[in-house]
Amino acid sequence: MIDFSAPWIIAGLAALLGTAMGLGALIMPRWGQSVVRLMPDPRWQGGWAEFRASYGGALCLLHAAVLLTLIMSFQAGAGAVMGASFAASLYWLGMVIGRALSMLTDAEHETRTSYNAMALGFELVMAGALGAPFLSHLGG
């Protein structure tokens with residue numbers, strides 16, 4: 001039976017959002033490009049494939065794995081859900097760390113922007129939401 005507790009629902013909603021974001025970048029790499037505000041380097045061929053691969057396929061399937069684990073929790077068990085959601089949570093936490101470090105140490109590259117501040121908050125929320133099943137387990 002699927003657990004419908006708040007931490008699992010929160011993780012499921014975050015995983016659904018992450019899956020949709022990845023699918024969007026997979027299908028529409030220009031949208032993915034606009035979200036991350038990067039351009040393929042014209043000196044190198046194949047840059048669009050990177051948007052579809054890194055911001056599309058990888059992001060989509062990472063979060064889809066969490067969704068599948070949540071749906072299959074009656075077979076996989078709570079430990080599998082905690083492991084999958086914790087791994088996805090660490091992905092977002094890694095982005096928080098990288099962005100915060102850049103905002104602190106790369107000021108000469110104009111990294112202290114409102115976009116980066118909002119992205120930092122979004123990434124922190126996604127990390128917390130995906131980690132909710134693990135964190136609730138720690139809390140008893």
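Treat the numbers as computed from the prediction; the structure is a model and nothing was measured.
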Minimal non-hydrogen separation, [X] against [Y], with atom names:
| X | Y | answer |
| --- | --- | --- |
| G32 | F51 | C-CD2, 4.3 Å |
| E108 | T105 | OE1-O, 3.6 Å |
| A58 | S54 | CB-O, 3.7 Å |
| R112 | M103 | NE-O, 2.7 Å |
| W31 | G24 | CE3-C, 3.7 Å |

*asked:* Can you tell me how the ring of H63 sits relative to the ring of Y91, calling it parallel under 30°, perpendicular over 60° and tilted otherwise?
replied: perpendicular
Nearest 0.5 Å, please: how far is [atom2] in [Y] from [atom1] in [X]?
| X | Y | atom1 | atom2 | answer |
| --- | --- | --- | --- | --- |
| I10 | S85 | CD1 | OG | 11.5 Å |
| M39 | S34 | CE | OG | 11.5 Å |
| L16 | I9 | CG | CD1 | 13.0 Å |
| L59 | W92 | CG | CH2 | 6.0 Å |
| I71 | L67 | CD1 | CG | 6.0 Å |
| Y55 | E50 | OH | CD | 7.0 Å |

*Would a distance-only check, ignoring hydrogens and angles, find a side-chain to backbone donor-acceptor pair under 3.5 Å from R52 to A25?*
no
*Between the side chain of T19 and the main-chain N/O of A15, is any donor-acceptor distance below 3.5 Å?*
yes
Answer yes if [X] and [Y] sit in the same cluster of Ile, Leu, Val, Met, Phe, Trp and Tyr residues linked by side chain heavy atoms under 4.5 Å apart, and no otherwise.
| X | Y | value |
| --- | --- | --- |
| L17 | L61 | no |
| I27 | L62 | yes |
| V96 | L101 | no |

List, one per line, each side-chain donor-acceptor pair under 3.5 Å for residues 114-131, sequence neighbours excluded.
from: Y115; atom 1: OH; to: V35; atom 2: O; distance (Å): 2.4
from: N116; atom 1: OD1; to: R99; atom 2: NH1; distance (Å): 2.5
from: N116; atom 1: ND2; to: T111; atom 2: O; distance (Å): 2.8
from: E123; atom 1: OE1; to: R99; atom 2: NE; distance (Å): 3.0
from: E123; atom 1: OE2; to: R99; atom 2: NE; distance (Å): 3.1
from: E123; atom 1: OE2; to: R99; atom 2: NH2; distance (Å): 2.6

*Passing option when M72 is tested against L68, L70, T69 for side-chain contact (heavy atoms from CB on, under 4.5 Å)*: L68
*Would the number of heavy atoms belonging to other residues, nucleotides or ligands and lying under 6.0 Å from CZ of R37 be above 12?*
yes
